Amino acid sequence: MTNSGIMTEATTPAGSVLERGRSATTAELGNRAEWIRLRTIDLIDQAGGGHYSSTFSVAELYSVLYYHTMRLRHSEPKWVDRDRFLLGKGHAAIGLWPIFADLGFFPVAWLDGYGTLGSPLTDHPNMRTAPGTDFSSGSLGHNLSVGVGIALAGRANERDYRTFVLTGDGEIQEGQVWEAAMAASHYGLGNLVAIVDANGYAGGDGSTSVTMNIEPIADRFSAFGWNTVEINGNDIEEVVAAFDELPSPSSKIPTCVIARTMKGKGVKMMELAPNAWHIGKLLTGADLVQARDEIESRIR
Amino acid sequence: MTNSGIMTEATTPAGSVLERGRSATTAELGNRAEWIRLRTIDLIDQAGGGHYSSTFSVAELYSVLYYHTMRLRHSEPKWVDRDRFLLGKGHAAIGLWPIFADLGFFPVAWLDGYGTLGSPLTDHPNMRTAPGTDFSSGSLGHNLSVGVGIALAGRANERDYRTFVLTGDGEIQEGQVWEAAMAASHYGLGNLVAIVDANGYAGGDGSTSVTMNIEPIADRFSAFGWNTVEINGNDIEEVVAAFDELPSPSSKIPTCVIARTMKGKGVKMMELAPNAWHIGKLLTGADLVQARDEIESRIR
Amino acid sequence: MTELSTEEKMEDIFSEESVKRAAQARNIGAELSRLNDVRGDVAVLVADMGVVAGEFRQRHPTHFFDLGIAETNTMSVAAGLAAEGLIPFTMLMSCFGMLKCAEQIRTDVASNHLPVRIVARGTGLALGFFGTSHHTVEDIAIARSITNMTVVAPSDFNAFLSLVESTIDLPGPVYFRMSSGAEDASVYDSVPVIERGRFMTVRPGSDVTVIAIGNGVVAALGAAEVLAGEGVSVEVIDAAYLKPVDEQAILRAAEHTGRILTVEEHNVIGGLGTIVAEVLGRHRAPSLLKIFGLPDEDLAVSWPAVLIEHYGLTVTGVLEQLRQLLAEEK
Amino acid sequence: MTELSTEEKMEDIFSEESVKRAAQARNIGAELSRLNDVRGDVAVLVADMGVVAGEFRQRHPTHFFDLGIAETNTMSVAAGLAAEGLIPFTMLMSCFGMLKCAEQIRTDVASNHLPVRIVARGTGLALGFFGTSHHTVEDIAIARSITNMTVVAPSDFNAFLSLVESTIDLPGPVYFRMSSGAEDASVYDSVPVIERGRFMTVRPGSDVTVIAIGNGVVAALGAAEVLAGEGVSVEVIDAAYLKPVDEQAILRAAEHTGRILTVEEHNVIGGLGTIVAEVLGRHRAPSLLKIFGLPDEDLAVSWPAVLIEHYGLTVTGVLEQLRQLLAEEK
Ligand SMILES: Cc1ncc(C[n+]2csc(CCOP(=O)(O)OP(=O)(O)O)c2C)c(N)n1
Ligand SMILES: Cc1ncc(C[n+]2csc(CCOP(=O)(O)OP(=O)(O)O)c2C)c(N)n1
Ligand SMILES: [Mg+2]
Ligand SMILES: [Mg+2]
C-alpha cells in the first residue's frame with residue numbers, strides 16, 4: 001500500500017527535531033491511525049499471527065504520540081533528549097513498526113522481513129534489535145517500573161524528557177504496576193505519564209469486570225498519588241487535548257491518562273468479539289477485504 | 001513472671017469453643033496486651049534477638065483478636081471452624097507464642113526453648129512446626145494472597161469462618177498485596193479482614209512518608225473495592241468496636257481495618273526511636289528494668 | 001527449512017486449533033474435571049486466559065478461580081487453598097510460572113509441603129513467537145533447586161495423565177513441565193505406569209543412549225528409527241522424572257552403551273544435561289556425553305516450529321547429534 | 001557446640017555491630033561512594049533498610065533510591081536506570097533477590113544486556129534466624145541458568161572489591177553472591193586480581209583439592225592448616241567465578257589430586273557441587289568427588305553461627321569431610 005492521504009515524516013530530513021505539540025490536523029492524525037490499522041493487518045497477514053484487537057484500540061494513541069505529542073529527532077532513535085515511550089502491553093508492538101520506519105528509525109524495507117526468523121522486529125518489542133524501542137517488553141506489568149527508572153534517570157541526569165508508558169488495562173492487574181505507581185508519586189515524577197488502554201478486556205473471554213475487576217481505575221491511581229485524566233482514547237481530539245495539557249516534566253505529580261477505548265476499534269467484527277480476536281485468529285478471505293474496506297473508508 | 005491480674009484461658013477446658021465476641025473487660029484486654037509486651041521482652045532476652053517495636057504496636061490487636069473477637073476452640077488449633085489469623089508481618093510472631101500456649105495450642109514449656117536450635121517456635125511463624133499458626137510467613141506481602149485463598153476455600157467448602165490477615169504498613173508496599181486486594185473485592189470476600197498495622201515505619205530509618213509513602217491507606221483500599229475503618233489500634237475499646245462491627249462473613253465486601261498504632265508502643269525509648277528498635281538492639285541493664293517497669297505500671 | 005503454512009504456524013497454544021483440541025475429550029480441563037467428579041477436592045486456578053481450563057470452568061465453577069494477570073498472587077492463593085485441603089492446579093503460561101513465582105513457590109508452597117500442582121504450559125520455545133520474554137528455558141534449574149519439589153516432564157498426554165494421577169495424593173508440590181508435545185505428541189499408546197523417580201525406557205538399544213524430555217523424546221524415537229535402518233541400535237529414555245531423578249538409569253546407560261546424548265528444550269545450563277552430567281560426575285561413571293539443548297545465548301524469536309527446526313530439536317537434528325556422538329572415540 | 005554470647009549471636013547483618021562496621025571505611029557503601037566520585041554513573045538502590053547503603057546515601061543523594069519493600073519494582077527500576085547509562089547496584093536481602101526477582105532479572109536486565117549489579121547480602125544461612133523464608137540456597141542455580149549473567153561469589157571484602165572493579169565496565173549484569181564473610185572474612189591480604197572466569201588457588205596442595213565459595217573458603221583454609229600438620233597437602237581453591245566457570249581449574253584438580261571436595265552454603269542441588277560434578281561428567285574426567293553443602297531438606301532455623309556449626313560448614317566440619325574423602329579408595 002502507499003501512504004497517499006496520510007501525513008508522513010518520510011520526507012523530513014534526518015536529524016530534524018520533531019517538536020512537542022507540533023502541528024497536525026485531526027484529519028491527518030485520524031488518517032494516520034487508520035494507516036496504523038491497515039499496516040497492522042498487512043504485517044499480521046505477512047507473519048501469520050499477531051494481536052489485531054489490542055493494536056487497534058491504541059491506534060489513535062500511537063498516532064497522536066508519535067505525530068504530535070512526543071519530542072523526537074528524525075532518524076535518531078537514541079537522541080538523548082527524545083521523549084521516551086515504553087509499551088507495557090508489548091503485544092501491540094506491531095503497530096509501532098510502520099511508524100518507526102516512517103520516522104527513519106530503521107529502513108522501511110525491514111518491515112518486509114517481519115515474522116521471519118532473525119527479523120529485528122518481533123511480536124513484543126526488543127530494544128536490542130528494533131531501533132526506536134526505548135525498552136523491551138513482553139511480561140505485562142514491568143514497564144511502568146522501568147519507566148520510573150528512566151524518569152528517575154532523567155532527574156539524576158538533569159534532562160527534561162518525558163517518559164510515557166502505555167499499559168493494558170488487564171496489565172494493571174499485575175501488582176508490580178502498583179509498586180511502580182507508588183514509587184512514581186513518592187519520587188514526584190511529573191516527567192512520567194502512564195496511559196492505560198482501558199479497552200475493557202484482557203486475554204480472557206469475558207470483560208475484566210468478569211475476569212478480574214480493575215475499576216475504578218482513576219480512583220486507584222489517584223489514591224496512589226497520581227493526577228488522572230479520563231478520555232475517549234479513540235477520539236483524536238480528546239487524545240491531543242489530554243497530552244497538550246500535561247503538566248511540565250519538572251512538576252511533581254505523575255499523570256495517568258485513562259484512555260477509554262474499544263478493543264478491536266475500527267473493525268466491526270472485532271469490536272463485537274474483541275477477545276476472539278485477542279490472539280489466535282487470522283483475517284482471511286472476505287473478512288480480510290471487509291476489514292480493510294471499513295478502515296479505508298474512514299481515511300479522509 | 002506469673003499471669004496474676006491477667007485474664008487467661010489456661011484453665012479453660014480443652015475443646016471448649018471460645019465464641020466470637022465473648023465477654024472481656026477493657027481492663028482485662030489491656031492487661032493482656034501488656035502481658036504480651038512483657039512476654040515478648042522475656043522471649044527476646046532468652047533468644048538474644050527479635051522485633052520489640054513491631055510486636056508492641058500490635059499487642060492490643062493480638063489481645064482483642066485472641067481473647068475477644070475470634071472464634072476458636074481451646075487446645076484445638078486445627079479446629080475446622082475456627083477463625084483464621086495470618087500474620088503477614090511475621091516478624092511479630094514472638095508475641096503470639098505466649099498466647100498460643102495460653103490457649104492450649106501447645107505446652108507452655110515450649111516457650112522455654114524459644115531461640116534454640118530445633119524450637120518449633122521461630123522468629124517468623126512456621127505452620128508446620130508451631131500449632132496455631134494458620135500459615136507461615138517471612139516474606140512480606142504474601143499473606144493477604146494466602147488469606148484470599150483461605151477465604152475462597154471457606155466459600156467453596158461452605159464454612160463461615162473469618163480470615164484475618166495482619167499486615168505491616170511497610171508490607172503494603174509489596175505489589176502482591178494489591179493483587180490480593182483486587183482479587184478479594186472481585187470475589188466478594190466479606191469473610192476476609194485485612195488489618196494494616198499503620199505504625200508509620202517500615203525497616204528504614206525514616207518514616208514511610210520519607211522512605212516510600214503509603215498514604216492515604218484508606219483511599220487505596222477503598223479504591224480497590226474494600227470497606228475501610230480507621231481506628232487507634234492501641235486503644236482496646238476502638239479495636240473491640242471495630243471488630244464487633246465487622247459485616248457478616250457471608251457479606252460481599254472485604255473489610256480493611258487501618259489500625260493507627262505506635263511502633264514500640266508502651267516503652268517510651270522505643271516510641272521515640274521506633275526504628276532503632278526494629279531489629280538489632282537488645283534491652284539490657286537499666287533499660288530492661290525501665291521498660292518492664294513502664295509496662296507493669298499499666299497493669300490494672 | 002520446511003515452509004510452514006499459516007495454519008501450521010498458528011498451532012501454538014492459543015490458536016483456534018488448540019482451543020478446538022481443548023474442547024475434545026483428551027485435554028487437561030476435561031481430565032481435571034473427571035478427577036474432581038471423583039474426589040471433589042481439585043481446584044483449578046488461572047491467571048487470565050481461562051480458556052485453558054476447558055470444561056472445568058463450567059463443570060466445577062465453585063472450584064475454578066481466575067486471578068487475572070497476577071501470577072504471584074495466583075500462586076499464593078493456591079497455597080491458601082491447599083492449606084484448606086484442596087489440591088489446586090495452577091495453569092500458567094510457563095514463562096510466567098516458575099521464573100516469575102519462584103519465591104512464592106518456594107516459600108508459600110514448597111516450604112510448607114503444600115500439594116499445589118503447577119502445570120506450566122508452553123515451556124522451552126513453545127511461546128517463542130511472542131518474544132524472548134516468553135521463552136521458558138530456566139525452569140528446570142529453578143524447580144529442582146527448590147526443596148520438597150517434585151519435577152516431572154510429561155512427553156505426551158498419556159504420560160501427563162499417568163503423572164497427574166500417580167502424584168495426586170502426594171503431600172508436596174509437583175511441577176509439570178509441559179512441552180507443547182505433552183498435549184499432542186504420541187509416545188505412549190496407553191497411559192503408562194511411571195514410578196516415582198523412574199525414567200522410562202521407550203525403546204531399547206545397545207549402541208548409544210538418548211535421554212530426552214518433552215518433544216525431544218519424539219525426535220529421539222524418530223532418529224532411532226532411522227539409525228535402526230543403518231544397523232545402529234539406539235536406546236531412548238524418557239526422563240519423565242527430573243526430581244527425584246533416576247540415578248540408576250543414568251549409571252546403567254553409562255555402563256551399558258557408554259555413549260549418552262541428552263535432548264531438552266531448556267538452557268544447556270541447569271536442565272537435563274546438567275542433571276545427567278552431574279550424576280556421572282558424582283559417581284565417577286565415565287561415559288561419552290553430549291548435551292543437546294538450547295544454547296546459553298540470546299535465543300531467536302519466531303514460530304515454535306521454526307525455532308525447533310532452527311535449534312535442531314528435530315529428528316534430523318537429533319540424528320546429526322547421534323552421528324557425531326557415535327563417531328567419537330570411547 | 002560452642003556457646004555464643006548474645007553479642008556474637010547478634011552479629012547478623014542488621015545488628016548494631018554491623019551498622020558500626022558499615023560506618024567504617026571498608027564497607028560496600030563507602031566503596032560505591034568512592035567509585036561514584038570517580039565515575040559519576042553509579043547508582044545504589046535498596047528496598048527498604050537503606051542503612052545498608054552506608055554513606056552512599058548522604059554522599060550521592062541524587063543517585064540513591066529507596067524503593068520501599070518492593071523488590072521486583074526495585075529490579076525493574078534498576079533496569080530503567082541502566083538503560084539510561086547508569087550502573088545501578090541493587091542491594092537486596094539475598095532471600096528477596098534472585099528468588100523473588102528472577103523474572104525481572106532475566107527479562108528486564110539480562111535479556112537486555114543491562115549493567116545492573118545485584119549485590120545479594122546474606123546468602124545461605126546468614127539470615128537464618130528469621131526463618132526458612134530467609135534462607136537463600138537456590139540462588140546460584142537460578143543465576144547460572146540465566147543467559148548473559150555473570151555470577152561471582154566473593155569470599156572476602158578484598159575479593160569483593162576486586163570483582164566490583166574488574167566487572168564495572170561489563171555491559172551485562174553481575175550477580176554478587178555475598179556470604180556473610182564477603183564483608184568481614186579474611187582470605188586475601190590485599191585486593192587480588194581475579195580474571196574473568198578464573199578460580200583462585202588460595203593454597204597449593206597435592207593430595208586433595210577443596211573447591212569452595214564464600215565462608216567455605218575460610219573453613220577450608222583452616223582445615224588445610226590442620227591437615228598440613230599431619231603431613232597431608234590440601235589444595236584450596238576459591239571459586240570466585242561461578243559463571244563463566246573455570247572448567248580448566250576443575251579438570252586440573254581432577255588430574256592433579258583426583259580427590260575433590262566442594263564446600264558451599266547452598267542447596268547441594270544446583271550450586272557449586274553441581275557445577276563441578278557437571279564439568280567432570282561432561283569431560284569424562286573421573287575424580288573422587290564429595291559435594292558438601294546444605295542438604296536438600298527443610299533447613300533448620302537459628303542464629304547463623306549456630307546453623308553453620310549445625311551443618312558443619314566450619315573448620316571441623318570440612319576437616320571431617322576431607323578425612324572421609326581421603327579415606328576413599330581411588
Ligand atoms: C506477566 C504476563 N502474564 C501474561 C501474559 C500473557 N498475555 C499477553 S496479552 C494478555 C492480555 C492483556 O490484556 P490487556 O493488558 O488488557 O491488553 P489488551 O490486549 O487488552 O490491550 C495476556 C494475559 C503476559 N504477556 N505477561
Ligand atoms: C519481602 C520482604 N522484604 C523485606 C523483608 C525484610 N523486612 C523485615 S521487617 C521489615 C520492615 C517491615 O515494616 P512494616 O511492614 O511496616 O512492619 P513493622 O515492623 O513496622 O510492623 C522488612 C523490610 C521481608 N521480611 N520481606
Ligand atoms: Mg485490555
Ligand atoms: Mg510499620
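Residue numbers begin at 1 in each chain, while the letters A, B, ... track the order of the sequences. For clarity, every value in this text was computed on a predicted model and none was experimentally measured. Hydrogens, waters and symmetry mates play no part in the numbers below; they use all other heavy atoms, side chains included.
Considering Asp296(C), Val137(C), Leu299(C) in turn, Asp296(C) is the only one that fulfils the side chain to side chain contact (heavy atoms under 4.5 Å, CB included) rule with Thr147(D).
In this structure, CG in Leu288(D) is found 4.0 Å from CZ in Arg284(C), a value given to the nearest 0.5 Å. Summarising the geometry, atom SG belonging to Cys101(C) is positioned 8.5 Å from atom CD belonging to Glu103(D); distances are rounded to the nearest 0.5 Å. Here the OG1 atom belonging to Thr274(C) is positioned 3.5 Å from the CD atom belonging to Glu278(D), to the nearest 0.5 angstrom.
Environment of CD in Glu255(C): sparse, with no more than 12 heavy atoms of neighbouring residues, nucleotides or ligands closer than 6.0 Å. More than 12 heavy atoms of other residues, nucleotides or ligands lie within 6.0 Å of CD in Glu297(C), so this atom counts as buried by the packing criterion. The environment of Gln324(D) atom CD is dense: over 12 non-hydrogen atoms of other residues, nucleotides or ligands sit within 6.0 angstrom.
For Lys290(D), no part lies near chain C; criterion is any non-hydrogen pair under 4.5 Å.
Here the closest heavy-atom approach between residue Ile269(C) and residue Ser145(D) is recorded as O-CB, 3.9 Å. Contact detail for Leu99(C) and Ala102(D): the closest heavy-atom pair is O-CB, 3.4 Å.
Counting heavy-atom pairs closer than 4.5 Å to chain D, the top residue among Leu280(C), Ile260(C), Asn267(C), Asp108(C) is Asn267(C). With respect to chain C, the highest number of heavy-atom pairs below 4.5 Å among His283(D), Met98(D), Lys330(D) belongs to Lys330(D). Per-residue heavy-atom pair counts under 4.5 Å with chain C were compared for Thr132(D), Asp298(D), Leu289(D), and the maximum is reached by Asp298(D). Between chain D and the residues His113(C), His266(C), Gln104(C), the largest count of heavy-atom pairs under 4.5 Å involves His113(C). Chain C forms the most heavy-atom pairs under 4.5 Å with one residue out of Ile142(D), Ile275(D), Thr107(D), and that residue is Ile142(D).
Remark: the backbone N or O of Ser133(D) is paired with a side-chain donor or acceptor of Arg106(C) at under 3.5 angstrom.
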